[in-house]
Every structure is written in structure tokens, then in C-alpha cells.
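Working notes for the structure below.
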Protein chains: 2
Amino acid sequence: MTQTFDIAVIGATGTVGETLVQILEELDFPVGTLHLLASSESAGASVPFRGKNVRVREVDEFDFSKVQLAFFAAGPAVTLSFAPRATAAGCSLIDLSGALPAEQAPQVVPEANAHVLDGLRKPFQVGSPSPCATHLAVVLAPLRGLLGIQRVSVTASLAVSAQGREAVSELARQTAELLNVRPLEPKFFDRQMAFNLLAQVGTPDAQGHTALEKRLVHELRVLLDLPLLKISATCVQAPVFFGDSLSVSLQLAGPVDLGAVNRVLESAPGIELVEEGDYPTAVGDAVGQDVVYVGRVRAGIDDPAELNLWLTSDNVRKGAALNAVQLAQLLIKDLA
Amino acid sequence: MTQTFDIAVIGATGTVGETLVQILEELDFPVGTLHLLASSESAGASVPFRGKNVRVREVDEFDFSKVQLAFFAAGPAVTLSFAPRATAAGCSLIDLSGALPAEQAPQVVPEANAHVLDGLRKPFQVGSPSPCATHLAVVLAPLRGLLGIQRVSVTASLAVSAQGREAVSELARQTAELLNVRPLEPKFFDRQMAFNLLAQVGTPDAQGHTALEKRLVHELRVLLDLPLLKISATCVQAPVFFGDSLSVSLQLAGPVDLGAVNRVLESAPGIELVEEGDYPTAVGDAVGQDVVYVGRVRAGIDDPAELNLWLTSDNVRKGAALNAVQLAQLLIKDLA
Ligand SMILES: NC(=O)c1ccc[n+]([C@@H]2O[C@H](COP(=O)([O-])OP(=O)(O)OC[C@H]3O[C@@H](n4cnc5c(N)ncnc54)[C@H](OP(=O)(O)O)[C@@H]3O)[C@@H](O)[C@H]2O)c1
Ligand SMILES: NC(=O)c1ccc[n+]([C@@H]2O[C@H](COP(=O)([O-])OP(=O)(O)OC[C@H]3O[C@@H](n4cnc5c(N)ncnc54)[C@H](OP(=O)(O)O)[C@@H]3O)[C@@H](O)[C@H]2O)c1
């Protein structure tokens with residue numbers, strides 16, 4: 001008999017939490033008892049797991065000493081409130097909200113910086129980085145030895161699901177209103193999201209940068225262990241339900257060897273390189289899949305030291321739930 | 001009495017041509033007789049101009065000696081077939097298809113390189129550049145003296161109308177099919193366009209660059225008179241009907257003076273700078289307007305020699321029809 005672990009998922013009724021429960025099942029994670037937690041609003045609801053319905057309970061009343069590991073997928077405020085209680089009860093945790101400082105819960109993507117886990121002590125506290133940083137790290141980590149990356153310029157077009165359930169409903173509602181020529185009433189988004197692009201996700205600071213952009217830059221440097229890497233980041237909200245699309249331009253120390261880049265991308269874990277001339281899309285390729293798709297691999301139009309890429313990936317899977325479960329897989333050998 | 005000019009619009013039933021006819025009316029262009037031309041498919045249709053319906057005729061049968069100026073807005077093949085006939089008949093032309101070589105028909109955006117028109121001889125042949133190059137030139141031309149621009153990295157998310165009437169219908173049809181849970185049948189686009197982003201517009205060459213991206217790079221260098229400017233360009237197809245959105249990152253020779261940049265953008269012609277903290281969108285701001293909207297003006301997160309911008313503009317107006325009519329306004333003093 002293999003050893004099992006009792007697990008809590010906080011935010012189990014949300015976009016990330018629901019997928020996390022599915023992935024625990026898909027990957028046959030050795031779950032003993034699964035505790036699904038949310039706010040009082042969803043307490044009493046149930047979520048299917050291994051053919052049974054698991055009842056959702058309120059996180060406020062949960063006794064963290066019952067579990068060895070908790071996934072926090074309910075927003076930064078919930079992590080900040082309950083992470084101390086979990087840790088005090090000896091429960092390890094993986095945070096998906098980005099709320100915990102790096103010194104407390106280092107951000108890890110197994111394909112990029114799994115070694116960081118070796119330095120941790122129980123109860124573990126680990127962060128799963130923002131989806132864009134995760135996707136970029138999966139693709140750039142195996143290339144970083146080959147290329148002298150000097151600068152990364154990225155425009156990330158995010159799916160509305162990056163902002164949770166309400167954002168998904170709002171895009172559907174706005175689109176239906178417009179197609180039916182009914183007056184548009186923006187609610188979750190402050191303006192028309194359907195058939196439009198919004199230049200920023202969240203409110204920018206006095207310098208004009210959003211928290212998401214700063215998080216992307218900071219996390220990517222940490223994940224690649226390139227603390228001085230120059231990164232220009234623009235995160236945009238696209239009228240797409242699921243799947244992020246990243247337009248990436250790298251400046252290198254010298255001319256790029258495209259053959260070598262393709263060979264690395266073909267064999268690196270977690271990556272699907274599409275055939276030359278083809279390109280991946282969020283909806284057609286990435287959504288529901290576990291890998292980061294890479295296409296449009298090309299040098300600059302007349303700068304051989306430029307490398308351009310197009311990435312698509314499922315923001316809810318590798319961008320969040322899958323990465324978190326993969327971290328748990330690496331940690332369980334030491335959890336017992 | 002002011003002098004009038006007899007004018008032909010080729011492609012008058014198309015996305016650009018219809019708007020061009022409207023703009024000739026809006027700007028009170030001194031049109032004498034207006035000849036509207038298209039293929040045999042639309043011959044006999046009519047288009048309103050100054051309160052009357054003007055009959056559309058076949059371009060094949062048109063006698064170009066009847067007009068002093070022709071706008072070519074019917075695709076490269078039509079320009080290549082009929083431009084020689086127009087010129088031989090002494091008719092000046094403005095081409096919107098990008099088909100003519102630069103030596104024959106220089107690309108001009110009045111806000112950037114109007115002086116090029118002074119060197120031309122009758123019958124004039126002038127090109128209106130691609131929408132992205134036009135929008136970028138309007139914004140970067142007034143800044144180029146202030147900033148030592150070393151490199152431009154742009155990800156342009158194009159509206160489907162960039163590909164004409166059929167593309168617009170296809171996005172509407174696909175969206176309705178998906179909302180009504182009917183099977184999706186991509187036709188004009190080779191895959192799902194609704195709620196998705198396509199990484200390229202047109203087929204890439206052996207090096208991975210699309211014609212549109214190469215055109216953008218080439219035209220922008222010419223328009224700014226910066227032949228060695230490094231430009232990284234990715235043109236993406238967005239599920240947006242009208243209005244292009246450009247994420248732009250510039251590398252400069254030294255730290256950017258944001259106050260000076262804002263002052264230049266506030267006073268330069270053809271630009272609307274949105275308030276700090278706000279941002280423009282294609283649908284909410286740009287569509288139907290004559291200016292290029294600029295927002296998210298900011299330095300790099302920790303690179304003071306980086307300048308980031310977000311531009312939105314109407315691809316059919318300043319990106320095509322309006323720019324062409326503005327060129328005509330500059331040329332008419334010499335047309336008589
Ligand atoms: N969506 C993504 O692509 C993505 C990717 C990476 C990271 N993340 C992060 O993951 C977290 C969850 O995002 P999401 O997209 O899944 O959001 P979501 O769809 O809005 O779901 C939110 C979840 O949090 C729960 N919750 C909200 N307030 C709570 C409270 N006071 N106490 C307990 N539970 C509470 C909700 O439970 P109720 O049903 O009771 O309201 C629900 O289960 C966020 O921090 C987000 O930034 C999201
Ligand atoms: N759409 C944009 O945002 C944009 C911007 C800048 C430049 N442009 C360029 O402008 C041109 C027109 O684009 P569009 O978007 O307006 O396309 P569109 O909506 O598809 O319209 C095409 C127009 O060309 C006419 N046409 C097609 N084949 C013809 C032929 N063999 N002989 C005569 N007329 C013919 C069509 O007439 P029928 O009704 O008879 O078919 C119609 O009037 C293209 O070169 C495009 O690249 C477009």
C-alpha cells in the first residue's frame with residue numbers, strides 16, 4: 001500500500017480550485033482524505049472527486065492539523081489570514097495567490113528552479129508563480145544556457161479567466177448583449193471587454209506599472225536565476241475565455257542558432273514545439289493541456305541576435321493548478 | 001467658386017472604399033464628379049455621397065482620363081493591373097494596397113514625412129502605408145528628435161476588418177455559433193477566431209516573418225527616416241471587429257524624460273494622449289475617430305532608458321482611408 005496524504009484545497013469552488021481537484025484525480029495523487037474549503041457562500045455545495053461528491057466547508061472553521069498539505073487558491077486575503085494558522089498546525093502549504101513574501105514561500109516552477117525545494121524545511125511553504133512567469137520560465141529555463149539572454153520584451157494577452165469566475169461570466173454576457181444588439185452594461189470590467197482589448201489588468205502604480213507586470217518581472221528573474229535580466233512587460237486583457245498568449249522578443253548576446261533553439265525546445269519537458277510555419281493558439285491547442293505551446297520561432301527581420309517566440313498555455317492548468325500539484329509531487333517524498 | 005477635382009475610388013464597395021467616400025464628404029473635399037468602381041460583382045450597386053446615390057461601375061471599363069485622381073483600395077492585384085493605365089492617362093493616384101514599389105509610389109504619412117510629396121511630379125503616385133506603420137509613425141515622428149530611439153519592439157493586435165468584409169462577417173458568424181453551442185465551421189480564418197488570438201496574419205516566409213511584419217518594419221524606417229532602426233514586429237489577429245491595438249516598447253540612448261514625452265504627445269497633430277492612469281481601447285475610443293490614441297506612457301520597471309506605450313487607432317480611418325484623403329488634400333494644390 002502506498003502512503004497517502006490528507007489534503008485541503010482552499011478556494012475549491014473557484015476556477016483554479018476546481019481544476020486543482022480534477023488534476024489531483026487525473027495525476028493519481030496519493031490523496032487520503034480531501035477537504036474542500038471555501039467561503040460561507042459555497043459551504044454545503046459539493047464537488048466531484050474520484051466518483052464521489054465531496055462537501056465544501058467553510059475555511060474559517062477548518063482545523064489545519066487534520067491535513068499534511070493545503071493548497072491556497074482563494075485570493076491573497078485568504079492566504080494572509082489562514083496561512084499562519086496552517087503553518088502553526090504543522091501543515092505544509094502551496095500558495096497560488098502570490099500573497100506570501102519570497103523569503104517565506106519561494107516561487108517555484110519545477111522545470112526551472114526545482115532545486116529551491118531542497119533547501120526548505122517542514123512545514124513547507126511554496127508559491128506557484130503567476131501564469132505568465134510560469135509559462136515564460138518553462139520555455140526560457142532550458143534555453144538560458146544556450147542563449148546569452150540580455151533582454152526580454154513580452155506582451156501577454158490574458159484570458160478573462162485569469163480574473164476568476166465572474167470575469168468569465170461577464171465576457172459571455174457582454175458578447176451575447178452585443179450580438180443581440182442590447183445595450184451593453186459593463187460590470188466586472190469597467191468597459192466593453194467583448195470584441196475589445198484592455199491595455200492593463202488591474203490599476204497601475206504611480207510609475208504606470210500594474211502589480212501583475214511587476215510580479216511577472218520579479219518572478220521571472222527569480223525563476224531563471226537571472227537577477228539582472230532586463231524585462232519589459234505589458235499585460236493586456238483579451239476577449240478570450242481560457243488560455244494566455246505571449247508575444248516574446250529576446251535580445252541575445254550574439255547571433256541566434258535557430259537549429260539549436262529548436263532542438264532544445266523539442267526535448268525540454270513541459271513544452272510542445274509546433275511545426276515550422278504552423279502556430280499554436282490558446283483555444284485550439286493550449287486549453288485543457290499540460291504543456292506550454294511554442295511557435296513562430298524566428299530571428300529578427302534583420303537582427304540575427306534577436307529571437308522571437310509565441311507562447312500559448314492554459315492559465316488555469318500549468319499557469320496555476322497543474323504547477324501547484326507538480327510542486328506537491330516533488331514535496332511528498334518529504335511530507336510524511 | 002473653388003476648383004473641384006474629378007475623382008475615382010476603386011474598391012468603393014469595400015471596407016476601406018466605403019469609408020473613403022464618407023471621409024471625402026466629411027472633410028468637404030472639393031470633389032467634382034465622383035466615380036465609384038469595383039468588380040463586376042458589385043457593378044450596379046450604389047453608394048451614398050452628399051445625399052445622392054452614386055452608381056458603382058466596373059473598373060475594367062473605366063476611362064482614367066476622366067479623373068485627375070484615383071484612390072486604389074481594391075487589393076494589390078487590382079492596383080498592379082490598373083495603376084499603369086491610370087498613370088498613362090495622366091491621372092494621379094494614391095494606392096492603399098501596398099502593391100507599388102517605393103521608388104514608384106513613396107509611402108507617406110503627413111504627420112511624419114509630408115516633405116516627400118514636394119519632390120514628386122505629375123501624375124503623382126503615392127502610397128498610404130499599412131495601418132500599423134501609419135499609427136506608429138504618427139506617434140514616433142514627433143518624438144524622434146527628443147528620444148534617441150535605438151530599438152522598437154511592437155506587438156500589434158489587429159482587428160479582423162484589416163482583412164476586409166469577409167473577415168468581419170466570419171468573426172460575427174463564429175461568435176454566434178459558439179454562443180449558440182452550434183458546431184464551429186471556420187471558413188475565412190483557418191481556425192477558431194472568436195474568443196481566440198491568432199499568432200500571425202498571412203503566411204510567414206522561410207525565415208518566419210509575414211509580409212505584413214516586413215512591410216511594417218520597412219515602412220516605419222522610411223516614414224521616420226531612420227533606415228537603420230532596429231524593429232521587432234509581431235502582428236497578431238485579435239477577435240476585434242475594428243481598431244488596432246499596439247503594445248510598443250522603445251529602447252532609448254539614455255533615460256527617458258517622461259514629462260517631455262507627454263508634452264510632445266499632447267501638442268503633436270493627429271494624437272490624443274489619454275490621462276495618466278487611464279488607457280484607450282480600440283472600441284471605446286479609437287473606432288470612428290481620426291486620431292491615434294496613446295496611453296500607458298511609462299518607463300521600464302527598472303530601466304529608465306525604456307519607454308513603453310499603448311496605441312489604439314481606427315485601422316480603416318487613419319490606418320487607410322483618412323490618411324489617403326489627407327494625402328490628397330496635400331496634393332491638390334498641385335493637381336489642377
Ligand atoms: N484564474 C487563474 O488563471 C489564476 C492563475 C494563477 C493564480 N490564480 C490565483 O488563484 C486564486 C483564485 O483564483 P480563481 O481564478 O480561482 O478565482 P475565482 O474563480 O473567483 O474563485 C475564488 C475562490 O476563492 C474562494 N473564496 C473567495 N473568498 C473567500 C473567503 N473569504 N474565504 C474562503 N474562500 C474564499 C471562492 O469560494 P466561494 O465559492 O465561497 O466564493 C472560490 O472558491 C487567486 O489568488 C488568483 O490570483 C488564478
Ligand atoms: N481593411 C483595412 O483595415 C485596410 C487598411 C489599409 C489598407 N487596406 C488595403 O485596402 C485594400 C482593400 O481592403 P478592404 O479591407 O477594403 O477589402 P474588402 O472589404 O474585402 O473590399 C474589397 C474591395 O475591392 C473590390 N475588388 C475586389 N476585387 C476586385 C477586382 N478584381 N476589380 C475591382 N475591384 C475589386 C471589391 O469590390 P466588389 O464589391 O466588386 O467585390 C471591394 O470594393 C486592400 O489592398 C487592403 O490590404 C485595408
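Each chain gets a letter, A, B and so on, in the order its sequence line appears, and its residues count up from 1. Keep in mind that the numbers below use all heavy atoms, side chains included, and drop hydrogens, waters and symmetry copies.
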Shortest non-hydrogen pair, A:S249 vs B:S232, comes out as OG-OG, 3.1 Å
Under 4.5 Å heavy-atom distance to chain B, tell me which part of [X] shows up: side chain, backbone, both or neither.
X      : result
A:V160 : neither
A:A233 : backbone
A:K230 : side chain
A:D285 : side chain
A:E213 : both
A:S153 : side chain

Among residues 191-201 of chain A, residues within the sub-4.5 Å heavy-atom range of chain B, in order of number, are A:R191, A:Q192, A:F195, A:N196, A:L197, A:L198, A:A199, A:Q200
Listed by number, the residues in residues 297-310 of chain A that come under 4.5 Å of chain B (heavy atom to heavy atom) are A:R298, A:A299, A:G300, A:I301, A:D302, A:D303, A:E306, A:N308, A:W310
Bottom line for B:L178: the part with an atom under 4.5 Å from chain A's heavy atoms is neither
Heavy-atom pairs under 4.5 Å with chain A, option from [options] with the top count:
options                        : value
B:Q251, B:E276, B:K214         : B:Q251
B:N180, B:T312, B:T175, B:V217 : B:T175
B:D205, B:T234, B:V236         : B:T234

Derivation and outcome, side-chain contact (heavy atoms from CB on, under 4.5 Å), residues A:Q207 and B:L258: CA-CA 10 Å; A:Q207 282 68 48; B:L258 287 173; over 6 Å; no
Applying side-chain contact (heavy atoms from CB on, under 4.5 Å) to B:P186 and not counting sequence neighbours gives B:E170, B:Q174, B:L184
Can you give each donor-acceptor pair under 3.5 Å made by side-chain atoms of residues 286-293 of chain A, sequence neighbours left out, with the distance rounded to 0.1 Å?
| unit_1 | atom_1 | unit_2 | atom_2 | d |
| --- | --- | --- | --- | --- |
| A:D290 | OD1 | A:R317 | NE | 2.9 |
| A:D290 | OD1 | A:R317 | NH2 | 2.9 |

One option among A:L171, A:L179, A:I231, A:V283 has the most heavy-atom pairs under 4.5 Å with chain B, and it is A:V283
Just checking B:Q163: does its CD atom have more than 12 heavy atoms from other residues, nucleotides or ligands closer to it than 6.0 angstrom? yes
